[in-house]
Amino acid sequence: MVSALYPGSFDPVTHGHLDLVERALPLFDHLTVAVGVNTQKQPTFSTEERVEMLREVLPVSDKLEVVTFSGLVVDFCRARGIGAILRGLRTVSDFEAEYQMALTNRHLAPQIESVFVMPSAQYSYVSSSLIREIVRNGGDVSSFLPAPVEQRLRERLSRD
Ligand code: ADP
């Protein structure tokens, strides 16, 4: 059985993240989407809210699970017997950061393999941070975000 972990901030989940999950799902027997509790970033949504939105918009599948995690990704994988880390590659700039992360993770846990999937071209420039900026300035993000997520983001940012 091949299990993978898809770690990230998902602040909030975008169509880019969903596109990646749909592409990766047939490749694995089980896919765990893991929302990181990152103490260094000040998130727009709490960890619980990010999990809730993911559960709402991810496809229904026995192979999919949404969890939170803190600490090292490789430690989390080892504790759960997960052998692969899934990440998305959008641009060359993603590659640099992901390359560094993948080799560091390999150093820490040589038995865990990083797997990279490219999103559909229409999502290859979509990021949660850019979307937050567009919403803050009143722009249209409906093609980048699932409707319930867009609504929650508008409500959240209008209070700032
Ligand atoms: P992190 O803070 O870990 O980068 P993100 O939620 O921004 O968290 O991204 C998590 C993963 O999802 C990363 O591998 C990132 O490259 C990927 N990702 C984010 N947005 C997209 C997108 N539009 N298309 C494909 N992959 C994406």
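Along the sequence shown, residues carry numbers from 1. Atoms within each ligand, like the ligands themselves, are counted from 1 in listed order.
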Pick from L103, T104, N105: which one makes a side chain to side chain contact (heavy atoms under 4.5 Å, CB included) with M101?
N105
Take V115 and F28 through the test side-chain contact (heavy atoms from CB on, under 4.5 Å) and record every step on the way to the result.
CA-CA 11 Å; V115 176; F28 300 103; 4.3 Å; yes
Show me the short polar-atom pairs for ligand 1: any N or O of it lying under 3.5 Å from a protein N or O, with distances only.
{"residue": "ligand 1", "atom": "2 (O)", "partner": "S9", "partner atom": "OG", "Å": "2.6"}
{"residue": "ligand 1", "atom": "2 (O)", "partner": "K41", "partner atom": "NZ", "Å": "2.9"}
{"residue": "ligand 1", "atom": "3 (O)", "partner": "R87", "partner atom": "NH1", "Å": "3.1"}
{"residue": "ligand 1", "atom": "3 (O)", "partner": "R87", "partner atom": "NH2", "Å": "3.4"}
{"residue": "ligand 1", "atom": "6 (O)", "partner": "S9", "partner atom": "N", "Å": "3.2"}
{"residue": "ligand 1", "atom": "6 (O)", "partner": "F10", "partner atom": "N", "Å": "2.9"}
{"residue": "ligand 1", "atom": "6 (O)", "partner": "H17", "partner atom": "NE2", "Å": "3.0"}
{"residue": "ligand 1", "atom": "8 (O)", "partner": "S9", "partner atom": "N", "Å": "2.9"}
{"residue": "ligand 1", "atom": "8 (O)", "partner": "S9", "partner atom": "OG", "Å": "3.4"}
{"residue": "ligand 1", "atom": "12 (O)", "partner": "Y6", "partner atom": "OH", "Å": "2.7"}
{"residue": "ligand 1", "atom": "14 (O)", "partner": "R87", "partner atom": "NE", "Å": "3.1"}
{"residue": "ligand 1", "atom": "14 (O)", "partner": "G88", "partner atom": "N", "Å": "2.9"}
{"residue": "ligand 1", "atom": "16 (O)", "partner": "G88", "partner atom": "O", "Å": "2.8"}
{"residue": "ligand 1", "atom": "20 (N)", "partner": "R90", "partner atom": "NH1", "Å": "3.1"}
{"residue": "ligand 1", "atom": "23 (N)", "partner": "Y123", "partner atom": "O", "Å": "2.9"}
{"residue": "ligand 1", "atom": "23 (N)", "partner": "V126", "partner atom": "O", "Å": "2.9"}

Can you list, pair by pair, the side-chain donor-acceptor contacts under 3.5 Å of residues 53-61, counting residues two or more places apart and other chains?
{"residue": "R55", "atom": "NH2", "partner": "V66", "partner atom": "O", "Å": "2.7"}
{"residue": "S61", "atom": "OG", "partner": "K63", "partner atom": "N", "Å": "3.0"}

Walk me through it: do D94 and R87 pass the test salt bridge (Lys or Arg N to Asp or Glu O under 4.0 Å)?
CA-CA 10 Å; D94 264 358; R87 297 285 289 178; over 6 Å; no
Check for a donor-acceptor pair, side chain of R90 on one end and backbone N or O of V126 on the other, with a separation under 3.5 Å.
yes
CA sep, side-chain torsions, deciding dist, call: F116, Y99, side-chain contact (heavy atoms from CB on, under 4.5 Å)
CA-CA 10 Å; F116 298 95; Y99 180 75; over 6 Å; no
